[in-house]
Asks: 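Before I ask anything, here is the structure I am working with.
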Amino acid sequence: MNQEMKIPQHIAIIMDGNGRWAKQRGKDRSEGHFAGMMALRATVKAAAEIGVKYLTVYAFSTENWGRPQAEVDALMELVCTGVEMNTPELCQEGVRVEIIGDRSRFSQKVNDALDRITGKTAQGERMTLALALNYSSRSEITHAMQQLAQKVANGELQPQDIDEQAISQSLYTASMPDPDLIIRTSGECRLSNFMMWQASYSEFYFTDVLWPDFGAEALEEAIKAYNERDRRYGLVK
Ligand code: FPP
């Protein structure tokens, strides 16, 4: 990658197209998701090498529970397999894993796997990988509002102290900067309930590449496109 290139501090990705990738090859959707996990592995490695500090990926939305039970089961199994397959390499690469989303609906087995990956990678300082699991932006904002309302009810907070910072600090992403770049694969051009608060000044990049085909090269293309953008944050240059 060109040395002059501006590297986004935080990249967030809507990984889409696993099902279509599998269909094109006459495979089961679950094989598409497995290939998606391999693409995620390659993308994490590339992002850390490029110098990205935060990578957030939309791995399972609150709406995904409505998929056929067999597919939901396969995705839950993939979370566990993904933890086993990738934890040693993530530790080696200095990648710290965080989970954003509501973990209360996951089985004990899935939660144990998530505890393992977050626990074992906790010392990683090179990059943070945030896995959005049972995540949606509306449920995140609802949860944040409930927390703030509870503080007001307890007398710990005055309504006029609920400002943008207080809201940001109540989201699952409290410890992260807002994403500079949001990537969506597979040709779809929508946000699908992902980081709606945090995306206020993000640059968007849409690519036709299906997620299982994404990796170092596609990531570099996205960063090149980001470098051609003029971020003004509502100001005049
Ligand atoms: C969207 O493709 C993808 C998902 C809903 C799942 C994303 C999961 C992975 C990439 C697997 C690795 C990650 C973890 C942590 C388990 P789609 O099924 O909507 O594809 P389609 O639109 O072509 O049907």
Side-chain angles (χ1 to χ4, degrees), residues 11-47 54-90 93 95-103 105-107 109-118 120-121 127-137 139 172 182-195 206-216 218-219 222:
I11 298 181
I13 309 183
I14 302 172
M15 308 181 289
D16 198 6
N18 296 350
R20 276 162 284 170
W21 183 93
K23 194 169 178 200
Q24 283 173 4
R25 288 161 178 75
K27 293 176 187 256
D28 190 73
R29 290 179 64 82
S30 61
E31 293 182 71
H33 294 313
F34 185 83
M37 195 257 287
M38 298 309 283
L40 176 56
R41 187 182 160 109
T43 305
V44 168
K45 193 169 191 306
Y54 298 86
L55 180 71
T56 301
V57 293
Y58 206 4
F60 193 88
S61 76
T62 54
E63 288 82 11
N64 287 156
W65 294 108
R67 292 192 175 197
Q69 193 56 43
E71 183 170 349
V72 172
D73 291 346
L75 281 165
M76 292 302 123
E77 202 47 49
L78 189 59
V79 171
C80 300
T81 316
V83 166
E84 294 323 313
M85 276 182 66
N86 297 301
T87 303
E89 190 169 305
L90 291 167
E93 303 269 340
V95 176
R96 188 172 70 90
V97 175
E98 252 189 52
I99 310 299
I100 60 169
D102 175 8
R103 287 178 53 174
R105 199 166 161 185
F106 294 124
S107 67
K109 183 180 168 196
V110 169
N111 270 311
D112 286 348
L114 296 178
D115 283 342
R116 265 200 307 284
I117 198 166
T118 52
K120 289 197 172 154
T121 63
M127 185 177 85
T128 296
L129 169 66
L131 299 176
L133 287 167
N134 194 23
Y135 174 90
S136 77
S137 202
S139 68
Y172 296 127
I182 296 184
I183 299 172
R184 183 168 187 152
T185 57
S186 88
E188 310 290 354
C189 301
R190 55 180 176 267
L191 209 43
S192 299
N193 216 348
F194 183 59
M195 298 195 117
F206 300 106
T207 171
D208 288 336
V209 172
L210 301 176
W211 176 251
D213 293 326
F214 201 90
L219 182 68

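Computed from a predicted model, the values in this text were never measured in an experiment. Keep in mind that the numbers below use all heavy atoms, side chains included, and drop hydrogens, waters and symmetry copies. Numbering of ligands and ligand atoms starts at 1, following listing order.
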Asks: Going by the atom numbers of ligand 1, which of them fall below 4.0 Å from some non-hydrogen atom of L78?
Replies: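 Close to L78: 11 (C).
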Asks: What part of F60 sits under 4.0 Å from ligand 1 if we count only heavy atoms: the side chain, the backbone, both or neither?
Replies: neither
Asks: Return yes when K23 approaches ligand 1 closer than 4.0 angstrom through a heavy atom, no otherwise.
Replies: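 K23 does not count as a contact of ligand 1 under the 4.0 Å cut-off.
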Asks: Of the protein's non-hydrogen atoms, which lies at the shortest distance from atom 1 (C) of ligand 1, and what is that distance?
Replies: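 Answer for atom 1 (C) of ligand 1: M15 O, 3.2 Å.
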Asks: Is any NZ, NE, NH1 or NH2 atom of the basic residue among R103 and D115 found under 4.0 Å from an Asp or Glu carboxylate oxygen of the other?
Replies: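 The answer is yes: the pair qualifies as a salt bridge.
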Asks: Do me a favour and list the nearest non-hydrogen protein atom to atom 16 (C) of ligand 1 with residue, atom name and distance?
Replies: V79 CG2, 3.8 Å
Asks: State which residues pass ring-ring contact (aromatic ring centres under 6.0 Å, His included) with W211; sequence neighbours excluded, sorted by chain then number.
Replies: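 For W211, the residues satisfying ring-ring contact (aromatic ring centres under 6.0 Å, His included) (neighbours in sequence not counted) are F214.
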Asks: How far is atom 13 (C) of ligand 1 from its nearest protein heavy atom, and which residue and atom is that?
Replies: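 Answer for atom 13 (C) of ligand 1: L40 CD2, 3.9 Å.
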Asks: Does G19 reach ligand 1 with a nitrogen or oxygen that is under 3.5 Å from one of the ligand's nitrogen or oxygen atoms?
Replies: yes
Asks: Give yes if a backbone or side-chain nitrogen or oxygen of N64 is under 3.5 Å from a nitrogen or oxygen of ligand 1, and no if not.
Replies: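 It does not: no N or O of N64 is found under 3.5 Å from an N or O of ligand 1.
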Asks: Has ligand 1 got any nitrogen or oxygen that is less than 3.5 angstrom from a nitrogen or oxygen of R29?
Replies: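 Yes, since at least one N or O of R29 sits under 3.5 Å from an N or O of ligand 1.
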Asks: What residue and heavy atom of the protein are closest to atom 6 (C) of ligand 1, and at what distance?
Replies: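 Of every protein heavy atom, A59 O, 3.4 Å lies nearest to atom 6 (C) of ligand 1.
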Asks: For ligand 1, which atoms have a heavy atom of R20 less than 4.0 angstrom away?
Replies: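 Contacts of ligand 1 toward R20, numbered from 1: 21 (P), 22 (O), 23 (O).
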Asks: Could you tell me which atoms of ligand 1, counted from 1 in the order shown, lie closer than 4.0 angstrom to a heavy atom of M37?
Replies: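 Under 4.0 Å from M37, ligand 1 has these atoms: 11 (C), 12 (C).
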Asks: Would you please indicate yes or no on a ring centroid separation below 6.0 angstrom for W65 and F106?
Replies: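 Judged by ring-centre distance (under 6.0 Å), F106 and W65 do meet the cut-off.
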Asks: Start with the C-alpha gap between I183 and I11, add the side-chain angles, then the distance that decides, and say whether side-chain contact (heavy atoms from CB on, under 4.5 Å) holds.
Replies: CA-CA 8 Å; I183 299 172; I11 298 181; 3.8 Å; yes
Asks: Any carboxylate oxygen within less than 4.0 angstrom of a Lys/Arg side-chain nitrogen, looking at R116 and E84?
Replies: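 Salt bridge: yes.
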Asks: Salt bridge or not between K109 and E77? Use side-chain N to carboxylate O under 4.0 Å.
Replies: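 Result for this pair is yes, salt bridge flagged.
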Asks: Counting both backbone and side chain atoms, is some N or O of R67 under 3.5 Å from an N or O of ligand 1?
Replies: yes
Asks: Has ligand 1 got any nitrogen or oxygen that is less than 3.5 angstrom from a nitrogen or oxygen of N18?
Replies: yes
Asks: Would you say C189 and F206 make side-chain contact, with heavy atoms under 4.5 Å?
Replies: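 C189 reaches F206 side chain to side chain.
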Asks: Indicate whether any N or O donor in one side chain lies under 3.5 Å from an N or O acceptor in the other, for R105 and T62.
Replies: no
Asks: Between E98 and R96, does any NZ, NE, NH1 or NH2 come within less than 4.0 Å of an OD or OE carboxylate oxygen?
Replies: yes
Asks: Who's closest to atom 2 (O) of ligand 1 heavy-atom-wise, of A74, S61, G36, G17?
Replies: G17
Asks: Could you tell me whether E188 and R20 have a side-chain N and a carboxylate O separated by less than 4.0 Å?
Replies: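 Counted as a salt bridge, because a side-chain N and a carboxylate O are separated by less than 4.0 Å.
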Asks: For W211, counting its heavy atoms only, list the atoms of ligand 1 lying under 4.0 Å from any of them.
Replies: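 What qualifies from ligand 1 is 10 (C).
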